[in-house]
Amino acid sequence: LDNPSQQILISPPLKNPPKFLNNGKSIRVILSDTLKNEVTYNINFGKAVRDNHEANVLNDFNFVFSTGQILDSLELSGTILKQEDGSPAADYYCLLFNDKCDTCLYSQRPDYFAISNQDGLYRIRNLHPGIYTLYFLKDENFNYIKDLNNERVGFYPSLISIQDTNQSLFKCFTFKERSVTNGVLSVDQSGFYVTNISFQKPVKNIFLNSNVLDMNAKAIFNSNYDTLTYIHTRRDLDSFLLYIKVDSMYSDTLSIIREARGKELKPVMYPFSDTKNNKKGENARQYSHDISASLNIKFNMPVTLSDESLIHLYLDSQKVSVPFTIKQSKDDYRKFILQTQWAEKSTYKLVVDKGAFLNPDGDSCDESVEIFTTRAADDYGSIILTNFIKSTFDDYKVRVKNDLGQIIYSKRIKTTDNEITVSNLPEGYYKVEVLEDKNHNGELDPGNLIEKVQPERLYTMGEKLQLKAGWELEVKIQIENK
């Protein structure tokens, strides 16, 4: 008998764990609980039973007995998956309660249970006819109760009637609930001037104050409003206090210890890079640019655009000046976005003179020169999305990700869409996803156990797609109603 405390499961569960005694070819089970009347019990030995000589396992051996005259034999089975990616939800407690039970997951043990396998499959056996409520729990402390914030959950959306035949249910999805109140998850430094503050959930309103005066301090949220980048400009301080109040409910005082000062105090413009086509010249680096994309100019620290006239973009060797627009990224004070109408198969030269960009202390980076080429139109491929069902796609977004997991295309599906063409895609691997977005906030929202709200789902259209130059890949959009 190998590891009985971890391998052997008894349903319905017992309050006090039984003792298991191994005696040669027999196993003795000593129960210290009073058993319920007219109930069928199932002892699943998992992989605990092995022979003495070669350790061969007697897989999934069940011993069933009843405290009444009838041995119940009904079964309930199904599959549970993770909300975020649809992968199997393995090792979840599948908890079955008699009748309607809205809050019992927080307070009482189930009447029956099973554990999902590596494929997310579960089977609850030897059930008595009746009406049941089904929950799923990633039980971190093995007490059959949802009592920890980090325990993932799920639930079947309706009562389940089991009378005279076995039931096989449609797929359910597990999720991690959002905290009712907000709070700080982590604080980390990203260079001398930058502090990143992550929150438990998106922030609606925030109040910031500090124990030191910093007239040029700035704060910016990311697109999900769950991470705040605070830029502090006082170089004479090694530490300071930051007081925050979130959504008029949560407040905290953070002690910010700044990174050691060094050469990173001088702003530096990062060279352009391209893993597929990266060449180095004597005074400049060259890479191949996507004609459908903006040009991202990145720095090692937050900077501001001091003088746009000190930035020059030239086409080919004739030094033809090219008009452009440039603006700071909304999500990152260390990045600027340059846009123009790119010509294909052309050579460009970007010159950034000293004084164009300044860090919070007014320091300028040195002159930077970048020479790069643009790709030809026939260097690209397209992905054509088809098979839209108008009555189904009212609350969905389709998005395409590249091999780095970055979203390079996103569009809310309209009832008038018959097909969508995503063009000018460089060679590479892509993934097509459909995001259920019922509240139109652009996020994959978790469910709510108390309010009985199911999680929004993310559908992946097959595996990674390989796209080559000149190709047109057709992808049929398919989602399950259940």
Side-chain angles (χ1 to χ4, degrees), residues 1-80 88-98 104-105 108-130 132 134-145 147 151 160 162-169:
L1 195 62
D2 183 32
N3 197 13
S5 62
Q6 295 295 321
Q7 288 290 332
I8 301 177
L9 304 174
I10 300 179
S11 179
L14 303 176
K15 183 177 180 181
N16 300 313
K19 294 181 180 180
F20 298 93
L21 302 179
N22 184 10
N23 184 17
K25 295 184 180 180
S26 65
I27 297 173
R28 187 180 180 189
V29 182
I30 303 175
L31 304 177
S32 55
D33 277 0
T34 301
L35 301 180
K36 300 177 182 179
N37 293 326
E38 305 294 330
V39 171
T40 298
Y41 286 84
N42 184 314
I43 304 178
N44 187 320
F45 284 84
K47 297 181 179 180
V49 180
R50 301 172 181 265
D51 70 57
N52 287 329
H53 300 290
E54 298 182 6
N56 295 317
V57 177
L58 181 61
N59 279 312
D60 205 28
F61 169 60
N62 290 269
F63 180 80
V64 181
F65 65 94
S66 176
T67 57
Q69 298 297 316
I70 298 175
L71 198 67
D72 295 320
S73 59
L74 293 172
E75 295 185 358
L76 178 68
S77 62
T79 304
I80 50 175
D91 299 321
Y92 276 70
Y93 281 29
C94 307
L95 310 172
L96 201 61
F97 296 87
N98 281 319
C104 54
L105 186 61
Q108 67 187 68
R109 292 185 166 214
D111 294 289
Y112 302 93
F113 87 106
I115 297 180
S116 60
N117 65 16
Q118 294 303 308
D119 297 318
L121 302 174
Y122 64 89
R123 184 169 61 161
I124 309 175
R125 307 185 223 195
N126 303 107
L127 303 178
H128 189 74
Y132 295 96
L134 177 61
Y135 291 101
F136 309 104
L137 174 66
K138 186 66 171 178
D139 196 358
E140 300 294 341
N141 54 358
F142 309 107
N143 64 352
Y144 306 93
I145 294 174
D147 57 355
E151 290 180 324
I160 303 168
I162 304 176
Q163 299 303 327
D164 52 7
T165 57
N166 296 337
Q167 291 273 9
S168 181
L169 306 179

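Count residues from 1 along the sequence.
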Q: Roughly how far apart are Glu38 CD and Thr67 OG1, rounded to 0.5 Å?
A: 6.0 Å
Q: Could you tell me if the side chain of Cys104 sits less than 4.5 Å from the side chain of Tyr135, heavy atoms only?
A: yes
Q: Are any of the side-chain heavy atoms of Tyr132 and Asn98 separated by less than 4.5 Å?
A: yes
Q: Would you please test Ile80 and Tyr122 for side chain to side chain contact (heavy atoms under 4.5 Å, CB included) and show each step?
A: CA-CA 8 Å; Ile80 50 175; Tyr122 64 89; 4.1 Å; yes
Q: Side chains of Gln167 and Leu127, heavy atoms from C-beta outward: is any pair under 4.5 Å?
A: no
Q: Any non-hydrogen side-chain atom of Tyr93 less than 4.5 Å from a side-chain atom of Ile115?
A: yes
Q: So does Asn42 get a backbone contact from the side chain of Ser11, meaning a donor-acceptor N/O pair under 3.5 Å?
A: no
Q: Show the nearest heavy-atom pair for residues Tyr144 and Leu137, with the distance to one decimal.
A: C-CD2, 4.1 Å
Q: Any idea which heavy atoms bring Lys47 and Gln7 closest together, and the distance?
A: N-OE1, 2.9 Å
Q: Do other residues, nucleotides or ligands put more than 12 heavy atoms under 6.0 Å from Ile30 CD1?
A: yes
Q: Please tell me if the side chains of Leu134 and Leu169 come closer than 4.5 Å, counting only heavy atoms from C-beta onward.
A: yes
Q: Does Ser116 use its side chain to pair, donor to acceptor, with the backbone of Asp91 at less than 3.5 Å?
A: yes
Q: Taking the side chain as C-beta and beyond, is there a heavy-atom pair between Pro129 and Leu74 under 4.5 Å?
A: yes
Q: Any chance you could measure Asp2, atom CG, to Ile8, atom CD1, to the nearest 0.5 Å?
A: 10.0 Å
Q: Are Leu31 and Pro18 packed together at the side-chain level, in the sense that at least one heavy-atom pair is separated by less than 4.5 angstrom?
A: yes
Q: Examine distances only and state if a side-chain atom of Asn16 and a backbone atom of Asp33 form a donor-acceptor pair shorter than 3.5 Å.
A: no
Q: Any heavy-atom pair between the side chains of Tyr41 and Ile43 that's under 4.5 Å?
A: no
Q: Give a yes or no on whether the backbone of Asn56 and the side-chain of Asp51 come within a donor-acceptor separation of less than 3.5 Å.
A: yes
Q: As an exercise, state the distance from CG of Leu35 to OG of Ser66, rounded to the nearest 0.5 Å.
A: 10.0 Å
